[in-house]
Protein chains: 2
Amino acid sequence: MDHDLSREMNGKPGRAASAPPQARRQRLSPDERRRQILEAAVTYFAEVGFDGGTRALARKLGVTQPLIYRYFPSKEDLIREVYNEVYLSRWRAEWEDLLSDRSLPLRERLVTFYSRYTEMIFDSKWLRIYLFSGLRGIGINQWWITFVEERILRRICEEVRHTHRLPSFAEVPVQGAEIDLYWTFHGGVFYYGLRRHVYRAEPHLDLRRFIELSVDSMLEGTPPTIRRILAEAAAPA
Amino acid sequence: MDHDLSREMNGKPGRAASAPPQARRQRLSPDERRRQILEAAVTYFAEVGFDGGTRALARKLGVTQPLIYRYFPSKEDLIREVYNEVYLSRWRAEWEDLLSDRSLPLRERLVTFYSRYTEMIFDSKWLRIYLFSGLRGIGINQWWITFVEERILRRICEEVRHTHRLPSFAEVPVQGAEIDLYWTFHGGVFYYGLRRHVYRAEPHLDLRRFIELSVDSMLEGTPPTIRRILAEAAAPA
DNA sequence: CTCGACACTGATCGGGCGATCATTAGAATG
DNA sequence: CATTCTAATGATCGCCCGATCAGTGTCGAG
């Protein structure tokens, strides 16, 4: 009645079970089976949330439910591995270097970086697991927010200061106000993914153009505001 | 077994109210009981999500679980009423008038509007139910997004055009690109609430100052970008 | 071709879920 | 104070959950 949820999510080549009337017992190596379960778990929990049942997950894999417990001691352990899979294994260190590559115009760096970054996070799996885990209240999102601040926002902050000939970090240290301003921008980009992939409300612009215009507006509006912030910070009342 | 007795649900003023520590059975008027259940349901589902059990909800109220079913035919109906309570009953029509009140500077209107608006939505209950319902995939978030676009963003769009002497809607109709730009801003503000009340990662700025700086940056950066968009729209290649 | 290791299954346990119903008790009425 | 209406309860149903374990069948080593 409620969720329809396309039934056949079949990742395996060969013939395995689309609505299997008779699924043959398939014996895989432990490594391969474990990987297969984990991959399916990411997809499945992203769809239905972490309250989804292990039986339904097993059905999607074409195996029985106890098999999951041979590879993961408890459902909670499986979920923990799902976090690792989604959060940790997708980050590309090059992205950070790109942001700091002063041989390219800042606008181009930002557009390219956010194009690649959103290629990772604008994915139903990533976004939904991000939200589900945040709502569950384990600390992983706090960790992620710190990560974004240090790896992305702080770096953008530094580059904007350099490009717009504002004081360097050595002269005036990073201000919380600056970081929060870049959060407005970053969160605004994030919200595009939320609208599109979680709420399924199609935005007006395609992603590329959206990023371009958002970057343009940010680069035009943020530096003047930051100049004021830094002036206040350098010469407090 | 577990007579927990957190008996603070003592709603009725009226008579004496010695708050009997036993008070086995409390008989309320249907209206009052219904209201009480609904209110508790908002808080409870916001905490644990819609997979939370009706028994735990009843325990919080100090009543038995079947009583809920006397007032709400099914859990799904109760949840639907929770949506109505949270989404529909909190909106203030004056806010919209405020945005269009040209006797005030646009910056002040925006800062005041977003202060009041965030007073409503930056609340664990509102934010969490917003996310939970979005993840569940019922259409209410799509409805909300349309609502925001029409009641808030479109209006801001109109006021920015007027203040910055850009073409009126009659001259050049609203562009999807404009709306999406204001979504970047709006989503950026929303993300502040997400960081603070869902992920419990305290931002650097307090809310008021955050809104002020975000509005300042937006008002500085968005109009030039929009001028370009409108020029393109008025004279296409 | 045989056989043993072990990847996998079927049956099952205790418990929590949404929902139903006959029963009980609190307050307004006479 | 007895009566009556009905808000609220206690018991219970059928189902699905996470987890366990004895058994089964497959496949590679000999």
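Throughout, a chain's letter reflects where its sequence line sits, starting with A, and its residues are numbered from 1. Since we're looking at a predicted model, the values are computed, not measured.
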Report, one line per pair, each donor and acceptor closer than 3.5 Å where one atom sits in a side chain of residues 204-213 of chain A; sequence neighbours left out.
residue, atom, partner, partner atom, Å
H204(A), NE2, E149(B), OE1, 3.1
H204(A), NE2, E149(B), OE2, 3.3
D206(A), OD1, R208(A), N, 3.2
D206(A), OD1, R209(A), N, 3.2
R208(A), NE, E212(A), OE2, 3.2
R208(A), NH1, S115(A), OG, 3.4
R209(A), NH2, E232(B), OE1, 3.4

Euclidean distance, atom [atom1] of residue [X] to atom [atom2] of [N] [Å, nearest integer]:
{"X": "L57(A)", "N": "dA19(D)", "atom1": "CG", "atom2": "P", "result": "13 Å"}
{"X": "F50(A)", "N": "dG18(D)", "atom1": "CZ", "atom2": "P", "result": "13 Å"}
{"X": "R33(B)", "N": "dA27(C)", "atom1": "CZ", "atom2": "C1'", "result": "14 Å"}
{"X": "L61(B)", "N": "dT9(D)", "atom1": "CG", "atom2": "P", "result": "10 Å"}
{"X": "Q26(A)", "N": "dC8(C)", "atom1": "CD", "atom2": "P", "result": "8 Å"}
{"X": "D31(B)", "N": "dT6(D)", "atom1": "CG", "atom2": "P", "result": "14 Å"}
{"X": "F45(B)", "N": "dC17(C)", "atom1": "CZ", "atom2": "P", "result": "11 Å"}

Exercise. Measure the spacing between CD of E178(A) and CG of L153(A) and express it to the nearest 0.5 Å.
Key: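 The CD atom of E178(A) sits 11.0 Å away from the CG atom of L153(A).
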Practice problem: Measure the CZ-OH distance between F185(B) and Y182(B) for me, rounded to the nearest 0.5 Å. | Solution: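 Those atoms lie 10.0 Å apart.
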Exercise. Check if the side chain of Q65(B) and the base of dA19(C) share a donor-acceptor pair of N or O atoms closer than 3.5 Å.
Key: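 Flag set: donor-acceptor pair detected.
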Quiz item: Could E119(B) and R92(B) be called an ion pair, given the rule that one side-chain N must be under 4.0 Å from one carboxylate O?
Solution: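 No, no charged N to carboxylate O under 4.0 Å.
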What residues, two or more places apart in sequence or in another chain, satisfy salt bridge (charged side-chain N to carboxylate O under 4.0 Å, His left out) together with [X]?
{"X": "R90(B)", "value": "D123(B)"}
{"X": "R195(A)", "value": "D180(B)"}
{"X": "R128(A)", "value": "none"}
{"X": "R33(B)", "value": "none"}

Quiz item: Would you say Y71(A)'s side chain and R35(A)'s backbone share a donor-acceptor pair under 3.5 angstrom?
Solution: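 Answer holds: no.
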Quiz prompt | Helix axis bend for the helix from dC1(C)-dG30(D) to dG30(C)-dC1(D) - C1'-based end axes, five pairs, 10° rounding | solution =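 Both end axes considered, the difference amounts to 0°.
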Quiz item: What residues, two or more places apart in sequence or in another chain, satisfy ring pair (Phe, Tyr, Trp, His ring centres under 6.0 Å) together with W126(A)?
Solution: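 Listed in chain order: Y87(A), Y130(A), W144(A).
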List, with names and distances, any nitrogen or oxygen atoms from the protein found under 3.5 Å away from nitrogen or oxygen atoms belonging to nucleotides 14-17 of chain D.
none

Quiz prompt | Test side-chain hydrogen bond (donor to acceptor under 3.5 Å, both in side chains) applied to E150(A) - qualifying residues, sequence neighbours left out | solution =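 side-chain hydrogen bond (donor to acceptor under 3.5 Å, both in side chains) check on E150(A) returns nothing, list empty.
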Any protein N or O atoms within reach of nucleotides 24-26 of chain D? Criterion: under 3.5 Å, listing atom names and distances.
residue, atom, partner, partner atom, Å
dT24(D), O2, R25(A), NH1, 3.0
dG25(D), O4', R25(A), NH1, 3.0
dG25(D), N2, R27(A), NH1, 2.6
dT26(D), O2, R27(A), NH1, 2.9

Self-check item: Positions of residues 67-74 of chain B (non-hydrogen atom under 4.0 Å from DNA chain C), listed by number
Solution: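 Contacts with DNA chain C under 4.0 Å: Y69(B), S74(B).
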Quiz prompt | Candidate list E158(B), E94(B), E96(B), test salt bridge (charged side-chain N to carboxylate O under 4.0 Å, His left out), partner R151(B), passing option | solution =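 By the salt bridge (charged side-chain N to carboxylate O under 4.0 Å, His left out) criterion, R151(B) pairs with just one of E158(B), E94(B), E96(B): E96(B).
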For residues 79-86 of chain A, which side-chain donor-acceptor pairs fall under 3.5 Å, sequence neighbours excluded?
residue, atom, partner, partner atom, Å
R80(A), NH1, D77(A), OD2, 3.4
E81(A), OE1, R34(A), NH2, 3.3
E81(A), OE2, R34(A), NH2, 2.6

